Amino acid sequence: MSDLKPIIEALIFASPEPVTLKALLKLLDTEPKEDVEAAIAALRQDYDRPGGLQIVEVAGGFQIVTRSEFHEWVRRLFHERTTQKLSVAALETLAVIAYRQPVTAPEIAEIRGVNTAGVLGTLVDRKLIKIVGRKQVVGRPFMYGTTREFLERFGLNDITDLPKVEDMSELMGFDIPLGEPTPQTALPFESASVEDSGETLADVDNDSSQ
Amino acid sequence: MSDLKPIIEALIFASPEPVTLKALLKLLDTEPKEDVEAAIAALRQDYDRPGGLQIVEVAGGFQIVTRSEFHEWVRRLFHERTTQKLSVAALETLAVIAYRQPVTAPEIAEIRGVNTAGVLGTLVDRKLIKIVGRKQVVGRPFMYGTTREFLERFGLNDITDLPKVEDMSELMGFDIPLGEPTPQTALPFESASVEDSGETLADVDNDSSQ
Amino acid sequence: MADPQQLEFESIVNDLPVRVAAFEGPLDLLLHLIKKNEVNIYDIPIALITQQYLDYLELMTELNLDTVGDFLVMAATLIHIKSRTLLPRPDPAQEDPEGDPREALIRRLLEHQKFKAAAELLHEKEIQRSAQWQRPDEVINRVVGEAPEPEVEVDLFSLMAAFRQVLERVKQRPTVMLPPEQIPIETRIEQLLARLSTTEACGFEDLFEDVQTKPGVVVTFLALLEMIRLKLIRVFQQGNFGPIRIYKREHVDGAPTFQGMTHE
């Protein structure tokens with residue numbers, strides 16, 4: 001078969017595990033062993049050219065990976081690629097700020113049940129949130145709110161455009177028991193607008209002390 | 001930098017999603033734009049050789065994938081593809097959204113003749129569509145658009161890459177009156193870009209009121 | 001039910017794939033009927049198609065299909081169109097000034113048909129694309145080290161979903177039944193007196209500046225009333241709705257002392 005070499009290349013490329021000679025012979029069961037071995041040898045010779053990729057033998061099989069000297073670039077890629085995406089923790093924090101703003105770090109931590117200090121920095125760096133003032137309580141913590149970039153990013157005209165939780169349930173088939181609100185679950189739904197938030201924040205504090 | 005081409009190859013290979021030129025320029029920020037572009041062109045030329053792999057442009061970026069003609073061989077590696085199939089209802093809804101975006105649920109229902117709430121939820125869950133804003137009409141319904149994942153799944157470079165109406169006539173049981181286009185029938189295929197959509201939406205409303 | 005109708009029913013049933021619900025909606029059913037009857041979509045014989053449509057609807061109802069709702073609206077539309085085509089026109093030679101009553105329906109059918117075709121083209125694209133295999137993540141995880149933290153696309157939906165997630169967690173968090181944090185009124189009086197001793201006077205609002213909870217506000221207010229009763233402070237207001245200021249009193253002979261106060 002004339003296509004033996006490219007087929008083997010495609011197989012090695014697509015396999016999550018290193019592909020053994022045995023596995024290749026099984027997949028290409030109509031091909032003589034010598035031909036398969038020769039094709040592998042030719043393919044490996046192809047990869048000896050200076051390129052970004054190499055064929056390595058690991059765990060008794062073949063695998064196509066990036067050349068070791070470029071690993072630093074690959075790491076950088078993973079470091080940098082986060083422009084469009086956020087970690088789950090960051091997104092949750094952003095959601096809390098969006099729905100509860102203006103809100104302080106301790107309040108966010110209280111709602112999320114975990115400390116969020118590092119994540120706040122990320123969100124400020126990405127211009128999704130900003131400091132909007134200080135809360136007039138002990139320690140005068142910073143209050144955070146969402147930015148204009150945030151609205152643009154999410155296609156919102158203003159913050160009152162944020163979907164209410166009622167919308168969510170209708171839209172997504174989420175089942176949110178709005179009927180019998182416990183204090184904790186009832187509060188967030190009422191405070192989508194900034195105007196309400198002063199009162200709501202007081203209620204959160206109240207809530208947390210129970 | 002002499003290594004530019006192999007570095008770009010390694011980056012395209014390693015990236016979990018198609019790498020845009022913009023992302024490459026950002027990663028290789030010390031390199032002149034022309035050099036990066038030249039290196040990409042040279043790399044693409046390399047991949048024109050008959051091999052098992054190819055570079056495709058999808059979702060606005062570059063990606064290294066196996067050549068389609070070896071699909072059956074690669075498929076033998078796996079018991080089944082992990083990507084779930086889309087139902088006919090999901091595909092049709094997706095088509096309406098793709099050609100008419102941004103578009104609301106009532107507008108989709110008008111075209112499809114059935115309520116599509118459940119299907120929309122599925123498509124959102126599978127990240128093929130997303131909420132892109134709210135329409136400034138009574139009830140302020142959510143507007144939907146397609147995602148990057150949508151482009152990736154269907155191998156489209158951008159939304160203007162959608163199949164054109166001319167490709168479609170034989171699929172339809174009826175002739176398309178291209179000669180005397182009524183606004184409603186002519187629009188969907190001319191308005192693949194988001195910029196046009198305001199007009200399109202107006203026409204949908206117009207339509208539904210008749 | 002008349003026999004001819006019964007026949008029509010059977011012919012419809014025979015036409016149908018195994019599942020009757022194969023028609024996703026009324027438009028699909030109409031297109032099916034148009035094709036089956038081999039009639040021109042631009043000149044739909046509305047009486048015939050309406051009759052067959054209603055037959056099918058009856059069948060659906062008998063089979064108790066849940067999706068009848070969408071089909072009922074179309075049935076009404078069809079009957080309306082039919083009645084309009086039957087109305088005698090004042091001058092038959094003249095065209096109906098309102099146009100062909102079928103026109104809007106025809107447009108919808110074409111539109112619908114077009115998107116069905118678009119869906120098929122999309123599906124073809126999907127098949128082509130699925131023939132291109134990507135590098136599995138496992139390969140790179142081995143190069144980069146541990147798998148990077150999973151990240152999610154940032155859009156309105158994921159934002160909503162994240163908020164919902166947080167609320168779910170709040171709900172599941174065990175509720176610690178602590179008694180409401182109650183500062184005893186005496187303690188609060190001591191705190192306020194300590195503060196007043198450093199300044200000559202303070203505003204009413206200032207009394208609450210370190211209070212973050214509703215019970216705290218209530219306790220502070222009760223403490224204020226108690227301090228007035230005990231003549232520990234004097235309260236002045238500048239006119240109606242003017243600012244209220246609180247002054248610490250020097251000890252007044254005969255007044256009950258704070259220390260001697262009994263609190264129930």
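Computation of the quantities below employed the complete heavy-atom set of this structure, encompassing side-chain atoms and omitting hydrogens, waters and symmetry-equivalent molecules. Keep in mind that this is a model prediction, so the values were computed, not measured. Convention: sequence-line order gives letters A, B, ...; per-chain numbering from 1.
In this structure, chain A has a heavy atom under 4.5 Å from the side chain of B/Arg140, while its backbone stays farther away. With a 4.5 Å cut-off on non-hydrogen atoms, A/Ile8 does not touch chain B at all. With a 4.5 angstrom heavy-atom cutoff, B/Ala14 touches chain A via backbone and side-chain atoms both. Using a 4.5 Å cut-off between heavy atoms, B/Ile64 touches chain A through backbone and side chain atoms alike. Both the backbone and the side chain of B/Val74 come within contact range of chain A, with heavy atoms under 4.5 Å apart. Residue B/Glu69 does not touch chain A at all, counting heavy-atom pairs closer than 4.5 Å.
Distance alone, capped at 3.5 Å, places no donor-acceptor pair between the A/Asp35 side chain and the A/Glu31 backbone.
The closest side-chain donor-acceptor pair between B/Gln54 and B/Thr66, if any, does not fall under 3.5 angstrom.
Cation-pi geometry between B/Arg49 and B/Tyr47 is satisfied (NZ or CZ under 6.0 Å from the ring centre, within 45° of the ring normal).
With chain A as partner, the option from B/Ala105, B/Ala10, B/Gly133, B/Gly118 having the largest number of non-hydrogen pairs under 4.5 angstrom is B/Ala10. Ranked by heavy-atom pairs under 4.5 Å with chain A, the list B/Gly52, B/Pro50, B/Gly51 is led by B/Gly52.
Within the 4.5 Å cutoff, the side chain of B/Ile159 has heavy atoms near those of the B/Gln101 side chain. Side-chain contact between A/Glu17 and A/Gln63 is absent, with no heavy atoms from C-beta onward closer than 4.5 Å.
A salt bridge does not link A/Asp3 with B/Arg67: every distance from a Lys NZ or Arg NE/NH1/NH2 to an Asp or Glu carboxylate oxygen is 4.0 Å or more.
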